[in-house]
S.K.: 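After the structure tokens below, expect a handful of questions from me.
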Amino acid sequence: MNIDDRIERRLDGEPGTGVFVDFDAVSPVSHVDSPAGRGPMIERLLDAFQPALSGSAPPTVYVYGPKGSGKSAVVAALFERLAARGGPRRAIQTTTRAVEPAVPGFAYVDARRASTRFRLYRALLSATTDEPVPGRGVGTDELTETLRGAVRTGPDLVVAVDHVGEPGTPSPAALREWLADAGEGLVPACIGRDPPDAVDWEPDATVEFATYRRHVLVEVLTSRCSTGLGRDALSHAQIRDIVEWAAGDAHDALAAVTGAAVSADRAGASTVRPTDVDAGIDAVSRPCVALGRVLALAESRRRILYELAALPDEARATVSAATEAVAARPDVDLSPSTVRRVLYELSDAGFIRRETVRRGGKGRPPSRVVPRFPTTAFRELFDRDARST
DNA sequence: ACCTGGTCCCGGGCTCGGTTTT
DNA sequence: AAAACCGAGCCCGGGACCAGGT
């Protein structure tokens with residue numbers, strides 16, 4: 001947050017004494033313009049893309065590393081800058097331009113929201129053209145031709161596809177093929193968690209992200225909290241405790257901070273108390289699914305998880321009980337049969353865990369339903385999203 | 001044998017953009 | 001110009017069948 005924003009905030013009448021000042025600054029799903037403590041990684045990425053920047057053909061690049069190590073934050077920020085500094089958007093023909101721009105275009109796509117060919121092409125079209133892109137009622141082949149047309153002229157386009165190879169997102173090999181089908185100049189740069197030898201794709205270059213070191217993650221949280229939370233709302237010691245617990249995972253750490261701040265906010269406190277830190281940490285299961293995955297789900301699935309996260313323990317004791325409780329909520333308009341099926345689907349995809357409980361009854365023993373995502377942070381994001389629309 | 005939980009699959013229908021007919 | 005129609009992707013609902021327990 002720059003000085004103007006800070007002044008603006010005071011002009012809006014916010015005294016700056018609440019817990020939250022800028023929710024997005026601490027939210028695990030929003031990426032900041034300049035990620036703290038990751039300068040060396042930006043250099044490594046620029047090294048990998050150097051050929052493209054000096055006029056040669058762009059290389060294919062694979063960026064990998066564990067969850068919460070800053071891959072998305074750094075690559076998204078870098079590609080945004082590269083795209084902004086690149087030539088005009090490709091759909092805009094610049095016949096007056098004397099020399100073809102030597103530097104390729106750059107685009108960032110989240111595979112979680114582009115999990116099919118149709119959706120990938122759609123995402124690319126809206127990234128490269130200003131025209132509205134149809135979301136339904138049009139065939140994939142037709143969309144392919146539209147994209148081919150938009151890409152045929154102009155420089156190459158480096159497409160960073162984030163979160164490849166997760167459950168529900170395409171593999172690098174599938175993406176390479178999809179991009180090749182849609183034009184010559186589309187060069188993939190995939191970002192995933194699997195090491196290169198476990199991936200069905202041979203990139204020209206690889207860049208590895210390592211887990212955050214403790215002191216760097218402290219730096220990240222301190223920076224985020226200084227803009228996102230009220231002054232001294234979270235003490236240095238508390239930040240260190242959360243970092244210690246998070247074991248280098250920035251996503252989990254930020255989710256815990258968000259949960260702690262929500263807890264304090266609800267209690268009307270102006271600073272985060274020890275019980276709030278405990279509550280914040282408790283609401284983040286370990287291991288846990290990234291919030292970005294939860295938010296990329298269809299609206300009906302998000303609604304089910306939202307309701308599920310607020311159920312008391314006994315209502316989650318069996319899948320049947322959870323089904324009944326969720327389906328009975330007024331805002332859920334799915335049939336119990338569908339809720340049940342979706343719960344099993346979400347369990348398969350890792351969003352919830354089923355723990356079989358021994359019980360003296362007849363038949364196969366049921367299993368308890370446990371959320372595997374940051375519950376408080378998700379519910380807060382869900383509420384804020386509902387309020388803004 | 002019987003019961004309940006879990007897996008898998010697919011037809012139908014919804015919504016939306018594009019096309020043809022009125 | 002409006003209305004009717006068509007076809008695309010995607011979601012919902014439900015049922016057939018399998019698994020694991022008494």
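Convention: sequence-line order gives letters A, B, ...; per-chain numbering from 1.
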S.K.: At under 4.0 Å between heavy atoms, what does A:S367 touch on the DNA or RNA strands: base, sugar-phosphate, or nothing?
M.R.: sugar-phosphate
S.K.: Check whether A:F118 forms a cation-pi arrangement with A:R136 (NZ or CZ under 6.0 Å from the six-membered ring centre, at most 45° off the ring normal).
M.R.: no
S.K.: Between A:F351 and A:R293, is there a cation-pi geometry (under 6.0 Å to ring centre, at most 45° from the normal)?
M.R.: yes
S.K.: Check this one for me: any side-chain N or O of A:S337 less than 4.0 Å away from OP1 or OP2 of C:dC12?
M.R.: no
S.K.: Round to a whole Å and report the spacing from CG of A:L343 to C1' of B:dT7.
M.R.: 14 Å
S.K.: Between A:R341 and A:E345, is there a salt bridge with N-O shorter than 4.0 Å?
M.R.: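 So A:E345 pairs with A:R341 through a salt bridge.
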S.K.: Nearest heavy atom decides the nucleotide; on that basis, is A:R341 or A:S320 closer to the 5' end of DNA chain B?
M.R.: A:S320
S.K.: Any idea which of B:dC8, C:dG13, B:dT15 is nearest the A:D348 side chain?
M.R.: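 Looking only at heavy atoms from C-beta outward on A:D348, the closest nucleotide is B:dC8.
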S.K.: What is the nucleic acid contact for A:S300, judged by heavy atoms within less than 4.0 Å: base, sugar-phosphate only, or nothing?
M.R.: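 Answer is sugar-phosphate: A:S300 comes under 4.0 Å of backbone atoms only.
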S.K.: Answer yes or no: does a side-chain N or O of A:R301 lie under 4.0 Å from OP1 or OP2 of C:dC12?
M.R.: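 Checking A:R301 against C:dC12: at least one side-chain N or O falls below 4.0 Å of OP1 or OP2.
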S.K.: Tell me what A:R354 touches on the nucleic acid: a base, only sugar-phosphate, or nothing, going by heavy atoms under 4.0 Å.
M.R.: sugar-phosphate
S.K.: Kindly say if A:R119 contacts the phosphate of C:dC10, meaning a side-chain N or O under 4.0 Å from OP1 or OP2.
M.R.: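 Yes, such a contact exists.
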S.K.: Aromatic rings A:Y64 and A:Y62: how do their planes relate, parallel, tilted or perpendicular, breaks at 30° and 60°?
M.R.: parallel
S.K.: If you measure from the Lys or Arg side-chain nitrogens to the Asp or Glu carboxylate oxygens, is any gap between A:K67 and A:D252 under 4.0 Å?
M.R.: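 So A:K67 pairs with A:D252 through a salt bridge.
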S.K.: Under 4.0 Å, counting only non-hydrogen atoms across every strand here, what does A:V319 touch: a base, just sugar-phosphate, or nothing?
M.R.: sugar-phosphate
S.K.: What is the distance, rounded to the nearest whole Å, between atom CZ of A:R122 and atom P of B:dC16?
M.R.: 12 Å
S.K.: Quick one, A:F20 and A:L229 - any side-chain contact, counting heavy atoms below 4.5 Å?
M.R.: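 Yes - at least one pair of side-chain heavy atoms lies under 4.5 Å apart.
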S.K.: In whole angstrom, give the distance that lies between atom CD of A:E142 and atom P of B:dC16.
M.R.: 18 Å
S.K.: To the nearest angstrom, how far is A:L120 atom CG from C:dG9 atom C1'?
M.R.: 15 Å
S.K.: Let me know the distance between CZ of A:R340 and C1' of C:dG14, rounded to the nearest Å.
M.R.: 10 Å
S.K.: Using a heavy-atom cut-off of 4.0 Å across all strands, would you classify A:Y344 as base, sugar-phosphate, or nothing?
M.R.: base
S.K.: Could you check whether A:T338 gets within reach of a base, just the sugar-phosphate, or nothing at all, counting any heavy atom under 4.0 Å?
M.R.: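 Touches a base.
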S.K.: Indicate whether OP1 or OP2 belonging to C:dG13 is found under 4.0 Å from a side-chain N or O atom of A:S335.
M.R.: yes
S.K.: Please report the distance, rounded to the nearest Å, between CG in A:D333 and P in B:dC14.
M.R.: 14 Å
S.K.: How long is the line joining NZ of A:K362 and P of B:dC3, in whole Å?
M.R.: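 For the pair A:K362 NZ and B:dC3 P, the rounded distance is 6 Å.
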S.K.: Let me know the distance between OH of A:Y121 and P of B:dG17, rounded to the nearest Å.
M.R.: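 After rounding, the gap between these two atoms is 21 Å.
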S.K.: Looking at C:dA19, does its base get a donor-acceptor pair with the side chain of A:R364 below 3.5 Å?
M.R.: yes
